[in-house]
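Numbers here simply count residues along the sequence, with the first being 1.
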Amino acid sequence: MHRFHCGRPAAWGILLLVAVMVIAVVGFDIAVRPYAAAVVACEAKNYAVKAVQAAVQKELGGKNVDHGSYVQIVRNTDGSIQSISSDVQKQNALQAELTQAVQNLVSSQPQETVGVPLGTLTGSSFLHGTGPVIPVHVTLCSTVQSHIVSAFDSTGINQTRHRLTLRVEVNMYTYFAGKDANQRAEVDIPVAETVIVGTVPGVVLQPSGKNS
């Protein structure tokens with residue numbers, strides 16, 4: 001009986017310690033959950049952007065992509081710009097090749113583990129980048145969509161830059177500490193550009209394939 005009574009305080013102490021630890025873990029999880037979800041989404045998108053950019057740039061490195069091969073600028077006899085037209089067939093072919101490069105990346109490297117410091121998950125600027133690294137599993141899904149975007153912007157007096165950009169949409173699945181979520185990243189990669197000297201007409205970039 002004496003041993004039984006002496007052991008009870010120790011048993012209660014262990015139970016109390018376990019209860020405090022459980023409450024602390026649950027409380028910490030509830031506190032960091034909003035920040036953790038945002039951080040995980042950001043890290044997943046950063047990984048997707050870097051991976052897609054690397055795949056497209058590697059594909060472009062083996063090609064001689066010239067802006068004039070995809071966009072034709074027609075001028076009048078006085079040098080003024082009459083029209084700017086795009087070769088849709090060539091642009092579609094380039095788009096398909098670059099998209100396939102991204103698709104190959106997804107097939108060969110579908111999953112990656114990204115480490116996020118525990119302090120970053122708290123949302124505290126003071127703790128950012130500190131603490132043990134928590135693994136975040138990022139899986140790139142097979143559904144990759146892309147299209148080429150044409151854009152004009154002024155670069156100076158009577159000068160306009162025309163840029164062709166490949167816009168890639170990648171779907172992802174993330175798994176972190178028992179929580180999973182679907183993410184989406186949109187990546188813009190410049191493909192070709194040129195500076196046009198002269199006044200650009202109000203209506204430009206009319207599609208013109210080989211059959212036009």
Side-chain angles (χ1 to χ4, degrees), residues 38-39 41-75 79-112 114 138-174 182-212:
V39 170
C42 181
E43 291 296 331
K45 291 177 181 179
N46 286 340
Y47 162 69
V49 168
K50 292 178 181 179
V52 170
Q53 285 180 338
V56 173
Q57 292 299 339
K58 182 179 179 180
E59 183 70 16
L60 287 174
K63 300 179 182 297
N64 183 20
V65 179
D66 178 50
H67 180 275
S69 299
Y70 301 94
V71 178
Q72 292 77 45
I73 301 174
V74 179
R75 296 180 180 270
S80 62
I81 298 173
Q82 178 181 344
S83 66
I84 302 176
S85 59
S86 61
D87 191 321
V88 177
Q89 292 184 5
K90 285 187 177 181
Q91 288 189 16
N92 287 344
L94 178 64
Q95 174 186 319
E97 292 174 359
L98 298 180
T99 303
Q100 186 61 50
V102 178
Q103 196 71 58
N104 292 341
L105 164 72
V106 173
S107 300
S108 62
Q109 191 179 350
Q111 187 178 81
E112 181 72 15
V114 180
V138 182
T139 301
L140 296 178
C141 302
S142 59
T143 53
V144 177
Q145 297 180 337
S146 72
H147 60 279
I148 290 182
V149 178
S150 173
F152 293 87
D153 61 272
S154 176
T155 59
I157 299 176
N158 208 31
Q159 292 184 343
T160 303
R161 179 175 60 186
H162 178 235
R163 173 179 291 177
L164 295 176
T165 301
L166 182 73
R167 178 163 296 170
V168 184
E169 293 182 1
V170 183
N171 293 313
M172 298 168 291
Y173 169 81
T174 58
N182 293 317
Q183 315 285 352
R184 172 175 290 184
E186 188 175 88
V187 189
D188 286 346
I189 305 109
V191 174
E193 70 175 51
T194 190
V195 174
I196 304 169
V197 179
T199 303
V200 176
V203 180
V204 294
L205 207 63
Q206 301 298 325
S208 64
K210 292 182 179 180
N211 298 326
S212 298

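Between the CG atom in N104 and the OG1 atom in T99 there is a gap of 10.5 Å [rounded to 0.5 Å]. For the atom pair CZ (R163) and OG (S150), the distance works out to 11.5 Å, reported to the nearest 0.5 Å. Atoms CD and OG1, on E112 and T174 in that order, are 14.0 Å from each other to the nearest 0.5 Å. Here the CZ-CG distance, from R184 to N171, works out to 4.5 Å after rounding to the nearest 0.5 Å. Atom CD in Q89 sits 14.0 Å away from atom CG in L94 (nearest 0.5 Å).
Between Q91 and V71, the closest side-chain pair of non-hydrogen atoms falls below 4.5 Å. Looking at heavy atoms from C-beta onward, T139 lies out of side-chain contact with C141 at the 4.5 angstrom threshold. Contact annotation: the side chain of E97 never approaches that of Q100 to less than 4.5 Å [non-hydrogen atoms, C-beta and beyond]. Between I196 and F152 the shortest side-chain heavy-atom distance falls below 4.5 Å. Annotation: side chain of V102 is in contact with side chain of V56 (closest heavy-atom distance under 4.5 Å). At least one side-chain heavy atom of V168 sits less than 4.5 Å from a side-chain heavy atom of V144.
Annotation for Q57 and P190: closest pair NE2-O, 4.4 Å, computed over non-hydrogen atoms. Residues L105 and A51 come closest through the heavy atom pair CD2-O, 3.4 Å. In this structure, A48 and V187 approach most closely via the heavy-atom pair O-CG2, 4.4 Å. Listed here is the closest heavy atom pair of D87 and Q72: N-OE1, 4.0 Å.
The list of ring pair (Phe, Tyr, Trp, His ring centres under 6.0 Å) pairs with a residue in residues 83-104, not counting sequence neighbours, is empty.
With respect to R161, the side chain to side chain donor-acceptor pair (under 3.5 Å) criterion is satisfied by exactly one of D153, T155, T194: D153.
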Note to self: Quick one, I148 with V191, criterion side chain to side chain contact (heavy atoms under 4.5 Å, CB included). Give me CA distance, side-chain angles, the key distance, then yes/no.
What the structure shows: CA-CA 9 Å; I148 290 182; V191 174; 5.6 Å; no
Item checked: Criterion side chain to side chain contact (heavy atoms under 4.5 Å, CB included) on L60 and L98, from CA distance to verdict -> CA-CA 8 Å; L60 287 174; L98 298 180; 3.8 Å; yes
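Looking at residues two or more places apart in sequence or on another chain, you find a salt bridge (Lys or Arg N to Asp or Glu O under 4.0 Å) between E59 and K63. Under the side-chain contact (heavy atoms from CB on, under 4.5 Å) criterion, D66 pairs with S69, sequence neighbours left out.
Remark: Q145 CD is loosely packed, at most 12 non-hydrogen atoms of other residues, nucleotides or ligands lying under 6.0 Å away.
The closest donor-acceptor contact from the side chain of Q95 to the backbone of S146 lies under 3.5 Å.
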